[in-house]
> 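Below you will find the structure I want to go over with you.
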Amino acid sequence: MEKINVVLPDGAKIELDAGSTAYDLAGSIGPRLQKAAVAAVVNDNLVDLSTKLNNGDVATIVVDHNESGVDIIRHSTAHIMAQAVTRLYPGTKLGIGPTIEGGFYYDFDLKRRLSAEDFSAIEEEMKKIASDNYPFERKVVTKEEAKKIFKDQPYKLELINEIEDETVSIYSQGEFIDLCRGPQIPSTGKVKAFKLLSVAGAYWRGEETRPMLQRIYGTAFASKEALKEHIETLAEAERRDHRKLGRELDLFTIDDEFGAGLPLWHPKGAILRKVIEDFWKNEHIKRGYELIATPHIAKVDLWRTSGHWDFYRESMFSPMEVEGTDYVVKPMNCPGHIKIYKSHTRSYRDLPLRWAELGTVYRFERSGVLHGLLRVRGFTQDDAHIFCTPDQIEGEILSVIDLMLFMLKKFGFDKYDVYLSTQPDKFVGAQENWDKATNALKGALDRAGLKYEVDPGEGVFYGPKIDVKIRDALGRSWQCTTIQVDFNLPERFDVTYIGPDNKEHRPIMVHRAILGSLERFIGVLIENYAGAFPVWISPEQIVVLPIADRHNDYAVFVADKLKEVGARVRVDLRTESVNKKIRDAQVMKVPYMLVVGDKEVENKQVAVRDRSGDRGAIALDAFTDEFKVAMRIM
RNA sequence: GCCACUGUAGCUCAGCAGGUAGAGCAGCUCACUCGUAAUGAGCAGGCCAGCGGUUCGAAUCCGCUCAGUGGCUCCA
């Protein structure tokens, strides 16, 4: 029999019978590998295990427990779900069914309004399909053939028409056929652990003008254990929901009558803001920023000049008329900063100017997008604008990145995804400046040693930008930091500086927000820490708990002493049991409880209970010192 | 804005198929003065999101509005 040689990723060669498949290759390496195999990479192409190998091919087996293997399982599970839905509800029109981070979805167009109550029936059908163990069979057909196959599937026909190749691949399992690039797992029986999660509307192809389909989200894993773990993570995310914790910890409310998307900060939430604001302001001043302040409303003409009235109006609140002149609530802080810049003639010697403001802006967000603190209509940006020369951009960006890394680290975030968005098709400003700015952004990212992903053409019309999404304790990512170069506003407002040549030059403006907005950042912070903030951030840092009334005076004395070193401390003077007071402080996630009774009064001690539990009595002075150290973590 | 679902006391939720509202926690009062996650008893608290309709009668059925939830689109 004729033989072929296949090269493994480590360079080793394996001899196989001619006509062997990737599946055979896995088997020849070992039965366990063959069992875990879901697909293969042959000469850098991800393919089915049924793919026939040729002499000299470089092949890697993709197994079910690594990321790309799980992805393939999820993709196949999406197909199985589509098959189940089609069986249960004949006439269903199929949209698309891709994998996403953590799972998959499939879009359907059907008469029945799907609800979570339908999930068990769909899951049962899926289990049946899995146990019938249909092989996934790949076929390459011409587009004409495909159109015949999918003649009753208008969405598939649309996709086929847009495919540029002459042929398309289709996959079938049992009676079900779907248009698909592949690869797929060998057979439906490989799917062992899946769960349908939610159902939602989604526009066909994500376009508002197209029909709305019904999307079922689900997830799948290689093993039941991994699925269980993932479901635990989802439950943990629910427990950490900042909307729930915000209420429980008495931080903020969003009141129906007051207005949607307009959070009201309670005393504990407001002190949390103050801690962040103070830290933020101090750090900015240290780093050469100056603080400025601008009002919440301005004449509508200002926004005509800035261009927002033309391009951003749908996000702005309607104007209000004052003595015959229209004013609007600001959706951005930039024009105010520019006006301050223009209050003097500026010299090149003044640049760079770094002006920071915790500026509260209001944007009209469509009702359906509001979400707790993460998406609101009134929010405080930790904004700053840097006016500089083109040559200064790279250095300025670098210092912004440095500040960002510093601040995020202080707040406990050390994982982020960085995106560089480059020049879009429609843009303003000189090509030369775009190139210069884009290179400056790249240069700064490289010098900061940050890995980043380029989003080609995704920049704003007025300049390239860097976006940073932070990852929280559960691995979810949130857009916070944004650094945007702007060639547009300096032009529109005719912003200039006098250069060494005694001529007017156009400065470049950098918009940047590190935390993004206080609201969103606090929302993320709450979820990241599950409400159990580090000492320096905690709204209440210490609660003193007298055991009986006769200890009240000493408890107040302890609290006063701690206030002297800047502690946010409260005395629980209620006539409740110690257990009750401890429980209440614990529920509020207060980092330190100091229990004081006869012994402590006598010895000038406090019995410390922190998040690790009861630590016994120590001298008040010793605790004060410890507290000061804990505060220094910031 | 779009699709689906939801809206009962401050919070978490009962209230089945229409007959005029209930629990726990929180709050208040009283007693207890307590050593590391809820002391006990009592009291008070709701135009059942709002408006309109069907009905002898609506928290319950229908419509609209508002708000929330999960997504889509859009974004800090």
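First the proteins, then the strands, lettered A, B, ... as listed; each starts at 1. This structure is a prediction, so every number in the text was calculated from the model and none was measured.
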> Let's test this: given Watson-Crick or G-U wobble pairing with both distances under 3.5 Å, identify the partner of B:C47.
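Base-paired to nothing in any strand shown.
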> In the 5'-to-3' direction, what one-character label does each nucleotide of nucleotides 35-45 of chain B receive under the scheme B = base within less than 4.0 Å of a protein heavy atom, S = sugar-phosphate only, - = no such atom?
BBBBB------
> Give one of base, sugar-phosphate or nothing for A:Glu365, where a contact means two heavy atoms less than 4.0 Å apart.
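The residue A:Glu365 makes base contact.
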> List every contact pair, protein side and nucleotides 68-71 of chain B side both N or O, where the distance is under 3.5 Å.
unit_1: B:U69; atom_1: OP1; unit_2: A:Arg243; atom_2: NH1; d: 2.7
unit_1: B:G70; atom_1: OP1; unit_2: A:Arg243; atom_2: NH1; d: 3.4
unit_1: B:G70; atom_1: OP1; unit_2: A:Arg243; atom_2: NH2; d: 2.9
unit_1: B:G70; atom_1: OP2; unit_2: A:Arg243; atom_2: NH1; d: 3.3
unit_1: B:G70; atom_1: OP2; unit_2: A:His371; atom_2: ND1; d: 3.2
unit_1: B:G71; atom_1: O3'; unit_2: A:Tyr217; atom_2: OH; d: 2.8
unit_1: B:G71; atom_1: O2'; unit_2: A:Tyr217; atom_2: OH; d: 3.0
unit_1: B:G71; atom_1: N2; unit_2: A:Gly201; atom_2: O; d: 3.4
unit_1: B:G71; atom_1: N3; unit_2: A:Gly201; atom_2: O; d: 3.3

> Can you sort out the partners of A:Phe119 under ring-ring contact (aromatic ring centres under 6.0 Å, His included), two or more places apart, ordered by chain and number?
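ring-ring contact (aromatic ring centres under 6.0 Å, His included) list for A:Phe119, sorted by chain: empty.
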> Suppose the criterion is salt bridge (charged side-chain N to carboxylate O under 4.0 Å, His left out): which pairs have a residue in residues 515-533 of chain A, not counting sequence neighbours?
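Qualifying pairs: A:Arg273-A:Glu519, A:Arg476-A:Glu527.
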> Tell me which residues in residues 89-107 of chain A put a heavy atom below 4.0 Å from RNA chain B, sorted by number, or none.
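Result for residues 89-107 of chain A: none.
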> According to side chain to side chain contact (heavy atoms under 4.5 Å, CB included), who are the partners of A:Ala78, at least two apart in sequence or on a separate chain?
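Here the qualifying residues are A:Phe104, A:Tyr106.
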> Using ring-ring contact (aromatic ring centres under 6.0 Å, His included) as the criterion, list what pairs up with A:Phe461, not counting sequence neighbours.
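For A:Phe461 the ring-ring contact (aromatic ring centres under 6.0 Å, His included) partners, ignoring immediate neighbours, are A:Phe311.
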> For a quick check, tell me whether the side chain of A:Arg205 and the base of B:C72 share a donor-acceptor pair closer than 3.5 Å.
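Side chain to base: no pair present.
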> Run the side chain to side chain donor-acceptor pair (under 3.5 Å) test against A:Glu125 and tell me which residues pass, sequence neighbours left out.
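For A:Glu125 the side chain to side chain donor-acceptor pair (under 3.5 Å) partners, ignoring immediate neighbours, are A:Arg87.
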> Over how many whole Å does the gap from A:Gln479 atom CD to B:A76 atom P extend?
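Distance check: A:Gln479 CD to B:A76 P gives 6 Å.
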> Within the 4.0 Å heavy-atom criterion, would you say A:Val376 contacts the bases, only the backbone, or no part of the nucleic acid?
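Since a base atom lies under 4.0 Å of A:Val376, the category is base.
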> Is the distance between the ring centroids of A:Phe411 and A:Tyr529 less than 6.0 Å?
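For A:Phe411 and A:Tyr529, the ring centres are not under 6.0 Å apart.
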> Encode nucleotides 5-12 of chain B as B, S and - characters from 5' to 3', where the letter depends on protein heavy atoms closer than 4.0 Å: B to the base, S only to sugar-phosphate, - to neither.
------SS
> Provide, to the nearest angstrom, the distance between the CD atom belonging to A:Glu357 and the C1' atom belonging to B:A76.
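Checked: the CD to C1' distance equals 15 Å.
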> List in chain and number order the residues that pass side chain to side chain contact (heavy atoms under 4.5 Å, CB included) with A:Met588, two or more places apart in sequence or in another chain; answer none if no residue qualifies.
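Side chain to side chain contact (heavy atoms under 4.5 Å, CB included) check on A:Met588 returns A:Asp250, A:Lys268, A:Val590.
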> With sequence neighbours excluded, tell me which residues meet ring-ring contact (aromatic ring centres under 6.0 Å, His included) with A:Trp265.
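Partners of A:Trp265 by the ring-ring contact (aromatic ring centres under 6.0 Å, His included) criterion, ordered by chain and then number, come out as A:Phe252.
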> Can you list the residues that meet the side chain to side chain contact (heavy atoms under 4.5 Å, CB included) rule with A:Asp549, with sequence neighbours excluded?
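Per chain and number, A:Asp549 pairs via side chain to side chain contact (heavy atoms under 4.5 Å, CB included) with A:Asn552, A:Thr575.
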